[in-house]
Amino acid sequence: MLSLEQLSQTVKEHLGLNEFVDGIQYTCKWTIDESPLGGRGLIASEDIMPGEVLFVDRPLIYGPRSGANVEQGCTVCGKLDSDTSYKCDKCSLLLCSEQCQNTNIHFNDCGIISRWNINTPIEDDNSNVLSRSLTPIRALMLNDDQRIFLASLQAHRLPQHGAEIRNLKQYYEIPEEEEQLMLLACCALDTNAYQIATAYGKREMSMRGLYPVSGLMNHNCVPNTRYYFNGDLQMTVKAVKPIRAGTEIFSCYSGILWGTPARRTHLYKTKHFLCKCDRCSDPTEGGTLLGALKCFSTECSGNLLPIDPLKSSSPWRCLQCNMRVPDENVRAVQGALGSLMGSLNFESVQELESFLINRITKYVPKTNQIVVDLQCRLIWAFGEVEGYRWHELSESRLALKESLCRGTLRTVAALGVGDAHLRGLLLYHLHAALAERARRSPDLYEEIKSEIESTIEQAYIILQGDISAPPDLELRRRYLGPGCDKPQEERFFILDA
Ligand SMILES: C[S@@+](CC[C@H](N)C(=O)[O-])C[C@H]1O[C@@H](n2cnc3c(N)ncnc32)[C@H](O)[C@@H]1O
């Protein structure tokens, strides 16, 4: 492990902070220090304003995620379902084209894998063995300094991490030293890596990257930063709220809209700590009741919440009738709900809509994360999916989209997550619903013009530069945002396009 001083120096070099660009040497407003949570963290050294860029990170290694269910695509560009995909005849990695095969990326991957003697040929039904291990395999290309950097990142060396390399060893003879480095990379990846976002609406193989500076940020369920990726794999981290000098800079490793039990279980299983942040300590989560269940008493319409959310064995209590429920009964219901959700596979938007409106609220309160998740899925679908495009959307569905956007924005505000990515996306969709309403009823435009303009402007501020931003974000801002001097008919022509 590097000392804090050595690590800070390595991080500065990695971020290019020692270099002068156009005569300017960029500095940062944070330092790496011991965190009150244990281990290291990023601490603000000056007051930071919302929207300020904290740093732009690039990955030490990146590649396919390791989950068994991750769909396999081209190991160079990530393309899925390509009719032209084939396996390289030297290393068996999946590729989509000669162009991808002729890249340095593939040349390097192939060079390592084809050097290993094969013990047992990989059968077709195990064909994801190589893809799942490719990201740690790429650690073998790091130079000495990069290996030291990798080794200085926190890595939980537990048996559940590194299974992909143990599996790979059944098929290849791998030198001990290479195996050890790949195992270390697996543990460092599982502790620190971020999933890399893809372009809006584009289906690509799911990738992760070991961003070493981002990996130094600890977790808070109400983070004070957000991050986004550009097309060159750069990860930008920005403040989403004021960060006072001396306070810690946090990222969020779980879903923002997950309830406390789901977040804490996920963090414990994957990152091996029990979060004790303010949100986790508040049974109501800022009044959002995202983790609430329906009272078990059939006569009561109240909500159950844990009495002490930081204790997994805590009994739950109904806010209305005060009935206490032991934790094991709550866990049984949570388990059943988890299985129900896991078994659902909505084949159409209509099925999703009908399940959301007619069924799920029989089992869980309207505030529960499951309902909120389904509501988000409906928001994303209305206006965008075949059969539900803007011109096909009924008045009632358009009104539903608008009200779901407003409701979810209220939840996001109550959580206090500031200008999070999700807020930007919801503002974009609210803008789109309002703009469609004004297009259908031009007389309404003056009445809702200022909201149409402010929602797209705020969405733009949050999502600009983000590869996963809606592609018409800028166009909408230009034609429907503040300061546009085009006549009303022209403003809306982009929606007809
Ligand atoms: C990505 S690393 C964060 C940086 C790390 N603290 C270090 O010293 O390099 C993730 C690990 O940090 C620790 N960690 C992060 N957030 C935490 C929190 N809120 N409470 C306790 N431990 C946390 C956990 O061990 C977690 O697996």
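Only heavy atoms go into these numbers, but all of them, side chains included; no hydrogens, no water, no symmetry mates. Since we're looking at a predicted model, the values are computed, not measured. Every number for a ligand or one of its atoms is a count from 1 in the order of the listing.
Between H219 and ligand 1, at least one pair of N/O atoms sits closer than 3.5 Å. Looking at ligand 1, you'll find an N or O of R40 within less than 3.5 Å of one of its N or O atoms.
Compare S214, G215, G39, G41 by their heavy atoms: the one nearest to atom 4 (C) of ligand 1 is in G215.
Ranking protein heavy atoms by distance to atom 18 (C) of ligand 1, first place goes to F273 CE1, 3.3 Å. Counting protein heavy atoms only, atom 14 (N) of ligand 1 is closest to N218 OD1, 3.4 Å. Scanning the protein heavy atoms around atom 5 (C) of ligand 1, the nearest turns out to be Q154 OE1, 2.9 Å. When only non-hydrogen protein atoms are considered, atom 26 (C) of ligand 1 lies nearest to K271 O, 3.5 Å.
Here the rule is salt bridge (charged side-chain N to carboxylate O under 4.0 Å, His left out) with E71, and of R203, R65, K79 only R203 fits it.
Look at Y253 and you'll find a heavy atom under 4.0 Å from some atom of ligand 1. The closest approach between any non-hydrogen atom of K276 and ligand 1 is not below 4.0 Å. For T191, the heavy-atom gap to ligand 1 drops under 4.0 angstrom.
Panel note: side chain T191, backbone H156; a donor-acceptor pair is recorded below 3.5 Å.
A salt bridge is absent between D466 and R226: the closest approach of a Lys/Arg side-chain nitrogen to an acidic carboxylate oxygen does not fall below 4.0 angstrom. A salt bridge links R115 to E178: at least one charged side-chain nitrogen sits closer than 4.0 Å to a carboxylate oxygen. E285 has a carboxylate O that lies under 4.0 Å from a charged side-chain N of R263, or vice versa, which qualifies the two as a salt bridge.
Residues R423 and Q458 have side chains that bring a donor and an acceptor to within less than 3.5 angstrom of each other. S206 and Q195 form a side-chain donor-acceptor contact under 3.5 Å, judged by distance and modelled atom types alone. Side-chain contact annotation: Q234 with N230, donor-acceptor N/O pair under 3.5 Å present.
Within ligand 1, the atoms closer than 4.0 Å to a non-hydrogen atom of L216 are 4 (C), 9 (O), numbered from 1 in the order shown.
At a heavy-atom distance under 4.0 Å, only side-chain atoms of H156, from C-beta outward, approach ligand 1.
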